[in-house]
Amino acid sequence: MVDVDESPFDPQLLKELVTTPMPYGKYAGHVIADIPEHYLMWMAREGLPKGKLGNLLGLMYEIRLNGLEGLLKPLRENPRYFQGDKNLN
C-alpha cells in the first residue's frame with residue numbers, strides 16, 4: 001500500500017500524518033492520523049486514492065493495523081518537531 005520508495009518511518013511522512021487534513025469525504029478536514037480505523041479499513045478495501053494522499057492513508061492504515069500509533073505521539077505532543085528544532089529537551 002505504501003510506495004516502496006518511501007520508508008514508512010520517514011519522519012517527514014509521519015509529520016504529514018498529523019498535519020495533513022483529509023480533503024474530502026466523511027472526515028474532510030480531520031488530519032489523517034485522526035481518521036478512525038474502520039474508515040481506513042473501508043478505504044483500503046475499496047481502493048486508496050493514487051498519489052501522496054493514498055500513500056499517507058495507506059501508511060496510517062498500516063500503523064493502526066500494527067498498533068504503532070505511539071510513533072505519532074511525540075509529533076502530536078511537541079510542536080517544536082514541526083519547526084525543525086534539533087535541540088529538543
Side-chain angles (χ1 to χ4, degrees):
M1 297 202 179
V2 176
D3 188 327
V4 293
D5 293 332
E6 294 182 337
S7 168
F9 298 105
D10 177 351
Q12 181 63 31
L13 290 177
L14 297 178
K15 175 184 156 184
E16 289 178 26
L17 290 175
V18 299
T19 58
T20 303
M22 183 66 179
Y24 58 82
K26 183 175 182 177
Y27 294 98
H30 291 77
V31 293
I32 292 174
D34 292 340
I35 295 174
E37 184 175 4
H38 67 86
Y39 192 73
L40 293 170
M41 290 174 63
W42 175 80
M43 289 196 80
R45 199 171 45 246
E46 295 296 315
L48 294 168
K50 303 279 187 224
K52 184 75 166 192
L53 179 61
N55 287 341
L56 290 173
L57 289 166
L59 176 58
M60 193 63 230
Y61 173 71
E62 293 294 331
I63 287 172
R64 288 263 172 75
L65 187 66
N66 292 291
L68 299 173
E69 293 94 340
L71 291 171
L72 304 176
K73 187 175 181 178
L75 297 172
R76 290 179 184 268
E77 292 177 352
N78 194 341
R80 289 190 298 167
Y81 278 114
F82 303 131
Q83 299 166 357
D85 189 346
K86 306 283 188 217
N87 191 14
L88 300 174
N89 294 326

Minimum heavy-atom distance Ile63-Leu17, with the two atoms named: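 Closest pair (atom of Ile63, atom of Leu17, distance): CD1-CD1, 3.6 Å.
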Exercise: identify the closest heavy-atom pair between Arg64 and Pro36: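 Heavy atoms only, the tightest pair is NH1-C, 3.7 Å.
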Tabulate below the donor-acceptor pairs under 3.5 Å that side-chain atoms of residues 23-34 make, not counting sequence neighbours, or state none.
residue, atom, partner, partner atom, Å
His30, ND1, Tyr27, O, 3.2
Asp34, OD1, Arg76, NH1, 2.9
Asp34, OD1, Arg76, NH2, 2.9

For Glu37, salt bridge (Lys or Arg N to Asp or Glu O under 4.0 Å) partners two or more places apart: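 Partners of Glu37 by the salt bridge (Lys or Arg N to Asp or Glu O under 4.0 Å) criterion come out as none, since no residue qualifies.
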Residues forming a salt bridge (Lys or Arg N to Asp or Glu O under 4.0 Å) with Lys73, sequence neighbours excluded: Glu77
Atom [atom1] in [X], atom [atom2] in [Y]: separation rounded to 0.5 Å?
X: Leu14; Y: Leu68; atom1: CG; atom2: CG; result: 10.0 Å
X: Leu75; Y: Glu16; atom1: CG; atom2: CD; result: 11.0 Å
X: Leu48; Y: Leu59; atom1: CG; atom2: CG; result: 11.0 Å

Beyond-backbone contact of Met60 with Met43, side-chain heavy atoms, under 4.5 angstrom: no
Close side-chain approach of Lys15 and Thr20, heavy atoms under 4.5 Å: no
